[in-house]
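Encoded as structure tokens, the structure appears first; notes follow it.
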Amino acid sequence: MEAVDRKPKSWTFLTNHSQVLLCIARNPRMTTREISFEVGITERAVQGIVRDLEEGGYIRISKDGRRNLYELDDDKPMRHPAQEGHTVHELLEVLAHA
């Protein structure tokens, strides 16, 4: 894995929740450790975000041996009122082509 710049940033365009969701969309077999390395947050923070995404119905988690396998429900709506009428799928599509 390539090292990620861990210098503190004053702000970013995407939240940690969206960064975790992007990691899962790219590789539904990623471990929380791999996600934490990619996003630059702790494994505990990733676990909390994964729990939020599951409770919100944005992902489903199943077991594949000892690993988690994540399944996205990207037809779910974006959560902020400014994105009303838009789905997670639309966000992922835009970012996939970036």
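These numbers come from the heavy atoms of this one structure, side chains and all, not from hydrogens, waters or symmetry mates.
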When the side chains of residues 19-27 are checked against the rest of the protein, which donor-acceptor pairs come out under 3.5 Å, sequence neighbours left out?
{"unit_1": "Asn27", "atom_1": "OD1", "unit_2": "Arg29", "atom_2": "N", "d": "3.0"}

Item to check | Asn16 side chain reached by Val39 side chain, heavy atoms, under 4.5 Å | outcome: yes
Next on the checklist: I'd like to check Thr31 versus Arg67 (side-chain heavy atoms, cut-off strictly below 4.5 Å). Are they in contact?
Outcome noted: yes
Checklist entry - So which heavy atom on Leu53 is nearest to which on His17, and how close? => result CD1-O, 4.4 Å
Checklist outcome for this item: Minimal heavy-atom distance between Lys63 and Asn68, with the atoms involved, is NZ-OD1, 3.1 Å
Item to check | Residues forming a salt bridge (charged side-chain N to carboxylate O under 4.0 Å, His left out) with Glu90, sequence neighbours excluded | outcome: none
Checklist outcome for this item: For Arg51, the salt bridge (charged side-chain N to carboxylate O under 4.0 Å, His left out) test, sequence neighbours excluded, returns none
Next on the checklist: Is there a side-chain contact (heavy atoms from CB on, under 4.5 Å) between Thr87 and Leu92? Walk through the geometry before answering.
Outcome noted: CA-CA 9 Å; Thr87 66; Leu92 295 174; over 6 Å; no
Checklist entry - Which residues pass the side-chain contact (heavy atoms from CB on, under 4.5 Å) test with Glu54, sequence neighbours left out? => result Ile59, Ile61
Separation between [atom1] of [X] and [atom2] of [Y], rounded to the nearest 0.5 Å:
X     : Y     : atom1 : atom2 : answer
Ser36 : Arg44 : OG    : CZ    : 13.5 Å
Ile35 : Tyr70 : CD1   : OH    : 5.0 Å
Ser18 : Met78 : OG    : CE    : 8.0 Å

Item to check | Donor-acceptor under 3.5 Å (Tyr58 side chain, Pro77 main chain) | outcome: yes
Checklist entry - Does Glu55 use its side chain to pair, donor to acceptor, with the backbone of Asp52 at less than 3.5 Å? => result no
Next on the checklist: Using the rule that Ile, Leu, Val, Met, Phe, Trp and Tyr join whenever any side-chain heavy atoms are under 4.5 Å apart, tell me whether Val46 and Leu69 fall into a single cluster.
Outcome noted: no
Item to check | Residues in side chain to side chain donor-acceptor pair (under 3.5 Å) contact with Thr42, at least two apart in sequence or another chain | outcome: none
Checklist entry - Restricting to pairs with a member in residues 72-81, which pass side chain to side chain donor-acceptor pair (under 3.5 Å), not counting sequence neighbours? => result Asp74-His89
